[in-house]
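Here the structure is a predicted model, which is why all the values come from computation and not from measurement.
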Amino acid sequence: MAKRAGAAQDGVNVTREVLAIVEGNQGLRGSEVLAQLKEKFPNATFNNNSVQVAFANARRKLGLTRVLARRPRKKTLLSRRPKPAAALPVTVVTTDASPGIAAVAVLQSARDLLKAADGNVATARQALDLVASLQMD
């Protein structure tokens with residue numbers, strides 16, 4: 001937003017003056033720019049903070065400083081993982097011929113059941129209870 005004509009203090013537009021000084025000598029520091037402004041306009045009063053902001057903006061406008069992009073904030077509250085539900089007790093059924101293969105098959109079946117239940121252990125347990133009630137001998 002541009003400054004209004006009457007907004008310049010003591011008839012001095014600090015932003016324009018600082019930009020002109022920085023364009024003339026790009027190696028100046030902020031305090032040196034303030035000293036040059038005071039030499040050029042001895043009757044004017046300058047706010048040090050305003051001059052420093054104008055100096056930083058002028059350097060940015062001229063491409064003398066690199067502007068770092070802001071890092072995205074972490075959304076810790078939204079990205080929390082739900083706590084895992086209590087694990088079902090695993091009963092491994094083995095045969096005498098190949099105990100390792102049978103155990104792997106049981107674990108794969110349990111994994112497939114949990115996938116079908118969307119990872120919800122309570123739903124998987126209800127499904128197993130239902131199957132157990134249907135297989136009454």
Side-chain angles (χ1 to χ4, degrees):
M1 183 177 217
K3 285 193 167 199
R4 295 175 291 147
Q9 200 174 33
D10 296 328
V12 179
N13 189 331
V14 176
T15 305
R16 285 188 193 142
E17 294 298 328
V18 169
L19 183 60
I21 292 171
V22 172
E23 282 178 339
N25 186 356
Q26 297 178 354
L28 290 177
R29 297 177 56 204
S31 58
E32 295 168 347
V33 170
L34 182 61
Q36 284 189 9
L37 280 175
K38 287 183 180 180
E39 286 177 14
K40 190 172 182 180
F41 303 101
N43 296 334
T45 57
F46 297 102
N47 184 344
N48 184 30
N49 292 335
S50 296
V51 173
Q52 294 297 329
V53 169
F55 174 69
N57 289 338
R59 286 182 54 84
R60 186 177 304 137
K61 186 174 184 179
L62 294 174
L64 300 175
T65 59
R66 59 188 181 117
V67 179
L68 298 177
R70 286 187 171 179
R71 285 192 244 174
R73 293 188 337 189
K74 293 181 181 179
K75 297 179 182 176
T76 55
L77 297 178
L78 299 178
S79 64
R80 287 187 182 170
R81 292 184 180 179
K83 292 183 180 179
L88 288 173
V90 177
T91 306
V92 178
V93 178
T94 61
T95 61
D96 294 333
S98 57
I101 295 174
V104 171
V106 169
L107 289 175
Q108 288 175 346
S109 298
R111 182 194 64 203
D112 293 340
L113 176 64
L114 281 174
K115 279 185 182 178
D118 293 329
N120 191 345
V121 176
T123 305
R125 182 174 286 186
Q126 286 177 352
L128 288 174
D129 291 341
L130 183 62
V131 169
S133 68
L134 293 175
Q135 290 181 354
M136 292 178 23
D137 289 336

- request: Any chance you could measure Leu134, atom CG, to Asp129, atom CG, to the nearest 0.5 Å?
  value: 11.0 Å
task: Give, for atom CG of Leu19 and atom CD of Glu23, the distance between the pair rounded to the nearest 0.5 Å.
output: 4.5 Å
task: Could you please spell out the steps behind the side-chain contact (heavy atoms from CB on, under 4.5 Å) verdict for Arg125 and Leu128?
output: CA-CA 5 Å; Arg125 182 174 286 186; Leu128 288 174; 5.7 Å; no
task: Taking all non-hydrogen atoms of both residues into account, name the closest pair between Ala124 and Ala117 and its distance.
output: N-CB, 4.0 Å
query: Do you know which of Asn48, Ile21, Val14 makes side chain to side chain contact (heavy atoms under 4.5 Å, CB included) with Leu34?
result: Asn48
task: Compare every heavy atom of Phe55 with every heavy atom of Leu28, then report the nearest pair and how far apart it is.
output: O-CZ, 3.3 Å
- prompt: Sequence neighbours excluded, which residues qualify as side chain to side chain contact (heavy atoms under 4.5 Å, CB included) partners of Gln108?
  reply: Val104, Arg111
Pairwise distance CG(Asn43) to NZ(Lys38) - rounded to 0.5 angstrom: 13.0 Å
task: Decide whether Phe41 and Val22 are clustered together by the hydrophobic rule: side chain heavy atoms of Ile, Leu, Val, Met, Phe, Trp, Tyr closer than 4.5 Å, transitively.
output: yes
query: Can you get from Leu62 to Val53 by hopping between Ile, Leu, Val, Met, Phe, Trp and Tyr side chains that sit under 4.5 Å apart?
result: no
Shortest non-hydrogen contact between Leu37 and Phe46, atoms and distance: O-CE1, 3.7 Å
message: Taking Asn49's backbone N and O only, do any of them form a donor-acceptor pair with Asn47's side chain (distance below 3.5 Å, no angle check)?
response: yes
- prompt: Partners of Gln26 by side chain to side chain contact (heavy atoms under 4.5 Å, CB included), sequence neighbours excluded?
  reply: Leu64
Minimum-distance pair of heavy atoms, taken over all atoms of Asn120 and Leu114: O-CD2, 4.3 Å
